[in-house]
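A quick write-up on the structure given underneath.
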Amino acid sequence: MPIATFWFNAFIPKTVPGYTKTLAKGPHAGKTAIPLPSAARLWPGNTFKSWDAGYLSDQRGFSSTITASCRMQSIVEVEMSTLAIVKQTHRSSGTTEVDLENGAQLGYAVADMTRCKYTKLGGAPTGGGAGNTPSAPPVGTGTYGAVSVKLVGMAGDPLVGMAADIDYSGTIMFSGGSMPGTLTVSFDGKIDAFPAYDCYVMFNNVTKSMFTNSPPAGNTVASLLGNANRPIKATASFP
């Protein structure tokens with residue numbers, strides 16, 4: 001079956017200039033972490049946290065490895081001959097709380113990913129016909145038709161009371177090209193002010209980068225209030 005696999009990651013880079021700190025002691029020595037925001041200490045659930053509380057980063061840069069560590073990941077598999085979503089997965093690698101001074105691990109939990117979802121918006125087989133309604137996306141002209149899928153992702157830090165969500169959203173278009181077996185995948189959406197994001201698509205055992213995006217200079221987890229508001233567009237084509 002011709003399966004296109006699209007995945008979207010939100011992750012905290014190993015190094016964010018002026019923000020991440022390297023642990024010198026403890027079981028995670030050598031790893032980096034970000035501090036609990038000062039303002040968050042006043043929120044319910046955070047009052048008694050260590051003054052030096054922080055949270056491990058994902059210890060990575062941009063990576064096309066689908067199992068790479070992430071705060072949030074949304075994966076969808078689309079079977080191009082039927083234009084059906086055959087599987088979707090939303091996962092987190094978990095959050096580890098540490099003491100930034102002595103390196104002690106203070107907690108671990110995995111974010112609630114139940115508010116993340118892919119939804120098929122419409123599709124049409126090659127050449128149009130049944131299902132090719134006015135609201136359907138353009139029809140592919142090669143072996144495959146075309147289908148659009150909506151992505152909504154939102155989740156908060158499971159160890160921080162009243163933590164603001166990381167948000168992302170957008171529409172992915174999978175469209176057959178002019179030659180048999182060719183495929184174009186496009187993304188049109190928005191990402192949040194923090195952290196970093198990378199996005200990839202795999203087809204016929206070939207993986208291509210859709211986009212990579214670092215957090216703007218000076219942005220931190222304190223920048224996450226509100227919805228995703230940074231527009232981003234990307235396209236990848238096969239072969």
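At least one side-chain heavy atom of T95 sits under 4.5 Å from a side-chain heavy atom of R71. In this structure the side chain of F6 reaches within 4.5 angstrom of the side chain of C199, judged on heavy atoms. When side chains are defined from C-beta on, K117 counts as touching Q88, because their heavy atoms get closer than 4.5 Å. Residues V185 and M210 meet the side-chain proximity criterion, which asks for heavy atoms closer than 4.5 Å.
Looking at every heavy atom in both residues, R41 comes nearest to S50 through NH1-O, 2.9 Å. Nearest heavy-atom pair, A53 versus L100, reported as atom, atom and distance to 0.1 Å: O-CD1, 4.0 Å.
Checking side-chain atoms of D112 against main-chain N and O of T114 turns up a donor-acceptor pair under 3.5 Å. One N or O on the side chain of D58 and one on the backbone of I12 form a donor-acceptor pair closer than 3.5 Å. Formation of a donor-acceptor pair under 3.5 Å by the Y200 side chain with backbone atoms of S63 is found in this model. Side chain of N46 to main chain of A40: a donor-acceptor pair is present (N/O by atom type, distance under 3.5 Å, no hydrogens or angles).
Screening residues 190-214 for salt bridge (Lys or Arg N to Asp or Glu O under 4.0 Å) gives R60-D198 as the qualifying pairs, with residues at least two apart or on separate chains. Within the structure, no pair that satisfies the salt bridge (Lys or Arg N to Asp or Glu O under 4.0 Å) test touches residues 2-29, not counting sequence neighbours.
The only member of L106, T96, V221, V160 that meets side chain to side chain contact (heavy atoms under 4.5 Å, CB included) when paired with Y55 is V160.
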CA sep, side-chain torsions, deciding dist, call: Q105, H28, side-chain hydrogen bond (donor to acceptor under 3.5 Å, both in side chains): CA-CA 8 Å; Q105 181 168 322; H28 300 289; 2.7 Å; yes

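When the ring-ring contact (aromatic ring centres under 6.0 Å, His included) test is applied to F62, the partners found at least two apart in sequence or on another chain are F11. Among residues two or more places apart in sequence or in another chain, the salt bridge (charged side-chain N to carboxylate O under 4.0 Å, His left out) test is passed with D99 by none. Under the ring-ring contact (aromatic ring centres under 6.0 Å, His included) criterion, F203 pairs with Y144, F238, not counting sequence neighbours.
A donor and an acceptor atom, one from each side chain of E79 and S81, are located under 3.5 Å apart. Defined by atom type and a distance below 3.5 Å, a donor-acceptor pair is missing between the side-chain atoms of T20 and S57.
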Tell me which donor-acceptor pairs under 3.5 Å the side chains of residues 166-174 have, and how far apart each pair is, sequence neighbours excluded?
unit_1, atom_1, unit_2, atom_2, d
Y168, OH, S74, OG, 2.8

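Linking Ile, Leu, Val, Met, Phe, Trp and Tyr whenever their side-chain heavy atoms come within less than 4.5 Å puts I34 and V16 in one cluster. In the hydrophobic clustering of ILVMFWY residues, with side-chain heavy atoms under 4.5 Å counting as a link, V206 and V76 come out together. Under a hydrophobic-cluster definition in which Ile, Leu, Val, Met, Phe, Trp and Tyr are linked whenever side-chain heavy atoms come within less than 4.5 Å, directly or via other members, V149 and I66 are assigned to different clusters. Cluster membership check: V152 does not share its hydrophobic cluster with L224, using side-chain heavy-atom separations under 4.5 Å among Ile, Leu, Val, Met, Phe, Trp and Tyr.
Ring orientation note: the planes of F187 and F8 are tilted relative to one another, at an angle of 30° to 60°.
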